[in-house]
Structure formats: structure tokens, C-alpha cells
Amino acid sequence: METKPPLAPLSVQELLNNCHKLAGLSLADLAKQTHSSLPVSPSKGKGWVGQQVETFLGATAGSKAEPDFVNLGIELKTLPLNAKSRPQESTYVCHIQLMQLNKQRWEDAWVNKKLQHVLWVPYQASKTIPYPNRRIGNAILWQPSAQQAQQLQQDWEEIMEKLCLGEQQELSAHCGQYLQVRPKAANSKVLTNAYDDKGNLCQTLPLGFYLRPDFTRSIIEQSYLRA
DNA sequence: TTATGATCATCG
DNA sequence: CGATGATCATAA
């Protein structure tokens, strides 16, 4: 973690300047800028936009369990918007460590830390727009309001209670108003270690935290009011 | 294998 | 037509 990419922004201002260069680019433009090529098909390129934006902005590539801009403490998320400029999908936050979820407090929960400071990069994801023509929007540097933080913590407490009781089988995506739990795996047959309701070691489907579209929608609407 | 980046595909 | 559960790609 000692080595930083040469393009990594040294300040928030530099990061925002780079975001400004990004705004308005089509996905075809983005591919050219990052010297990559567009996915052969949208279904084969699910994480492509996020990856290319990371590259463009000089984020740390790869799957490290730390912020994308580690020196700035900022997490990067691209946000697909539909024709109504509303989030089209939920937003993945992080993997859930089922083996060590006891004794965790909200203050030092991984999901909380990730959401402390997020750079949202919205872009057009409506299927009515040809994939190469979809454009990147203006980035939003966001920190949760007291109310948002409280709502997230509430959901988290509810979810963690069930997880700690070994009730991950009963835990569906219906739980939580803004923060939810969903499968996070290559497919439904993938298994990872966990504890069952009796505290015995068992195997279960890996899970991750996601933000519901309603929550991210409030973030971009909040930014409209500021602008 | 586990983490990251997410969207797809189906169903109510 | 939105949400849930399933799935695709890549890095280390």
C-alpha cells in the first residue's frame, strides 16, 4: 500500500478538477481516454464504467479494503441513472464478514467507514441510449447528514442483530429501509463460512451491504438544491 | 478465494 | 416497472 499510482490526486481540489474533465464525456470518449475498449456487451461489462472512472481519476485499482483515494479518505462510486435521472440500481457498499460480526459497533463498522465520504459520479444508464453514447455527469462529493447517518445506523443495527443470531437464512433484502443485505457472489452455489443459529460453524451464501435506490436518489436531489 | 467494480433477469 | 435474488468481470 506504499506505492501510489502516479495519477492519484493529491488534494480534494485536484480530484474535483479531474471530475470536471470527466463530466460530459460519453462512454466512448471515456474508453479513448483510458486507452481501453468498450465491453463487447453490456452484460459482459457490468463493472466497466466504475473501473474506467477509477482509472481516469487515479484511484487505487484493485480490490483493497480501503478507500479508493486512500490519502484523501474518499470512496468512489459511479451511479447509473435512468431516463428520469433517478438511480437505476442499488449501490453495492461492501462485503459482509460473516465470521467476525460479533462485537462490531456502528462507529467502526466497515460499511459505516466506507460511507463517511463518497464521491458519486452519476452517468446515463438508460437502455434507450446506445451504450457508447451514454454520458458522465457532474460528480457529487458527499458526506452523510446527521439524519442520513442515523437512518443507516438504524438499518445496520437491525441487520446485525439478525446476523449475529445466526438468522442469515431469514435475512432477506426486505430488511432495512435504506441499507439492505443481498447475495454477493459469482453465483448462488458459492459458499463461505458462517455460524448457524446454534453458534456452530456452517456454510452459507456470501452477503454484501447495498444502498437502496431511494437513498442514493436523495443524495443527488440534495445536490440539485445546493447547485 | 475474497475482495473490488457493479448490472442482469425474473417475478410479483 | 421496481425490487430481489442471481450473475459477470477483474485484481491480488
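The figures that follow rest on heavy atoms only: side chains count, while hydrogens, waters and symmetry mates do not. Quick note on labels: first sequence line is chain A, next is B, and so on, each numbered from 1.
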Novice: With DNA chain C as reference, determine whether Asn187(A) or Cys175(A) sits nearer its 5' end, using the nearest nucleotide of each.
Specialist: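 Nearest nucleotide further toward 5': that of Cys175(A).
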
Novice: Should Ser188(A) be listed as having a side-chain N or O under 4.0 Å from OP1 or OP2 of dT7(C)?
Specialist: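 Yes, within the criterion.
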
Novice: Can you spot which of Ile129(A), Leu81(A), Leu30(A) makes a side-chain contact (heavy atoms from CB on, under 4.5 Å) with Arg134(A)?
Specialist: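 Between Arg134(A) and the candidates, side-chain contact (heavy atoms from CB on, under 4.5 Å) is satisfied uniquely by Ile129(A).
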
Novice: Need to verify one output field. Residue with the more 5' nearest nucleotide on DNA chain C, Ala173(A) or Lys84(A)?
Specialist: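 Nearest nucleotide further toward 5': that of Lys84(A).
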
Novice: Rounded to whole Å, please give me the gap between CG in Leu38(A) and C1' in dA9(C).
Specialist: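 Those two atoms, CG and C1', are 15 Å apart.
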
Novice: Map Cys94(A) and Pro42(A) onto DNA chain B by nearest heavy atom, then report which one ends up closer to the 5' terminus.
Specialist: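 The answer here is Cys94(A).
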
Novice: Counting the atoms with a prime plus P, OP1 and OP2 as sugar-phosphate, which does Gly50(A) contact under 4.0 Å by heavy atoms, base, sugar-phosphate, or nothing?
Specialist: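 Sugar-phosphate, backbone atoms only, no base.
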
Novice: Report yes if a side-chain nitrogen or oxygen of Lys46(A) is closer than 4.0 Å to either non-bridging phosphate oxygen (OP1 or OP2) of dT7(C); otherwise report no.
Specialist: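 No.
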
Novice: Whole Å only: how far is the CD atom of Gln52(A) from the P atom of dA11(C)?
Specialist: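 Answer to the nearest Å: 11 Å.
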
Novice: Check Pro183(A) against Tyr210(A) and note the closest heavy-atom contact, atom names and distance.
Specialist: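 Reported closest heavy-atom pair: O-OH, 3.1 Å.
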
Novice: In whole Å, what is the span from the CZ atom of Arg212(A) to the P atom of dG2(C)?
Specialist: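 Arg212(A) atom CZ is separated from dG2(C) atom P by 15 Å.
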
Novice: Reckon Pro39(A) touches a base, only the sugar-phosphate, or nothing at all at heavy-atom distances under 4.0 Å?
Specialist: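 The residue Pro39(A) makes no contact with any strand.
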
Novice: For dA6(B) and Thr78(A) - does any side-chain N or O of the residue sit under 4.0 Å from the phosphate oxygens OP1/OP2?
Specialist: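 The answer is yes; a side-chain N or O of Thr78(A) sits under 4.0 Å from OP1 or OP2.
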
Novice: Between dA11(C) and Lys64(A), is there an OP1 or OP2 to side-chain N/O distance shorter than 4.0 Å?
Specialist: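 Lys64(A) to dA11(C) OP1/OP2: no side-chain N or O under 4.0 Å.
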
Novice: Just the rounded figure in Å: distance from C1' of dG2(C) to CZ of Arg86(A).
Specialist: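 It is 9 Å, rounded to the nearest whole Å.
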
Novice: Report yes or no: is there a donor-acceptor pair, N or O only, under 3.5 Å between the side chain of Lys184(A) and the base of dG5(B)?
Specialist: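 Flag set: donor-acceptor pair detected.
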
Novice: Provide, to the nearest angstrom, the distance between the NZ atom belonging to Lys189(A) and the P atom belonging to dA6(C).
Specialist: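 Going from NZ in Lys189(A) over to P in dA6(C) covers 10 Å.
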
Novice: For Lys44(A) and dC8(C), is the shortest distance between a side-chain N/O and OP1 or OP2 below 4.0 Å?
Specialist: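 No.
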
Novice: State whether Lys127(A) places a side-chain N or O below 4.0 Å from either non-bridging phosphate oxygen (OP1 or OP2) of dT7(B).
Specialist: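 Looking at the OP1 and OP2 atoms of dT7(B), neither is under 4.0 Å from any side-chain N or O of Lys127(A).
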
Novice: For the atom pair CH2 (Trp120(A)) and SG (Cys19(A)), what is the distance rounded to the nearest 0.5 Å?
Specialist: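 One gets 14.0 Å once the value is rounded to the nearest 0.5 Å.
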
Novice: Please report the distance, rounded to the nearest Å, between CD in Glu66(A) and C1' in dT4(B).
Specialist: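 It works out to 12 Å between those atoms.
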
Novice: Separation of Glu89(A) atom CD from dC8(C) atom P, in whole Å?
Specialist: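 About 16 Å, once rounded to whole Å.
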
Novice: For the pair made of CG in Leu211(A) and P in dA3(C), what is the distance, rounded to whole Å?
Specialist: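 Taking atom P of dA3(C) as the reference, CG of Leu211(A) is at 13 Å.
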
Novice: So, Asp214(A) and Arg217(A), do they make that salt bridge, N to O below 4.0 Å?
Specialist: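 Yes, this pair counts.
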
Novice: Give a yes/no on whether any side-chain N or O of Gln180(A) is located under 4.0 angstrom from OP1 or OP2 of dT4(C).
Specialist: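 Yes.
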
Novice: Name the nucleic acid region contacted by Ala125(A), choosing base, sugar-phosphate or nothing; use a 4.0 angstrom heavy-atom cut-off, strictly under.
Specialist: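 Answer is nothing: Ala125(A) stays at 4.0 Å or more from every strand.
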
Novice: Can you tell me if Glu157(A) and Gln153(A) form a side-chain donor-acceptor pair at under 3.5 Å?
Specialist: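 Side chains of Glu157(A) and Gln153(A): pair found under 3.5 Å.
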
Novice: Is there a donor N/O on one and an acceptor N/O on the other, under 3.5 Å, for the side chain of Tyr210(A) and the base of dA6(B)?
Specialist: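 Yes.
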
Novice: How would you label the contact of Tyr123(A) with the nucleic acid (heavy atoms, under 4.0 Å): base, sugar-phosphate, or nothing?
Specialist: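 The residue Tyr123(A) makes sugar-phosphate contact but no base contact.
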
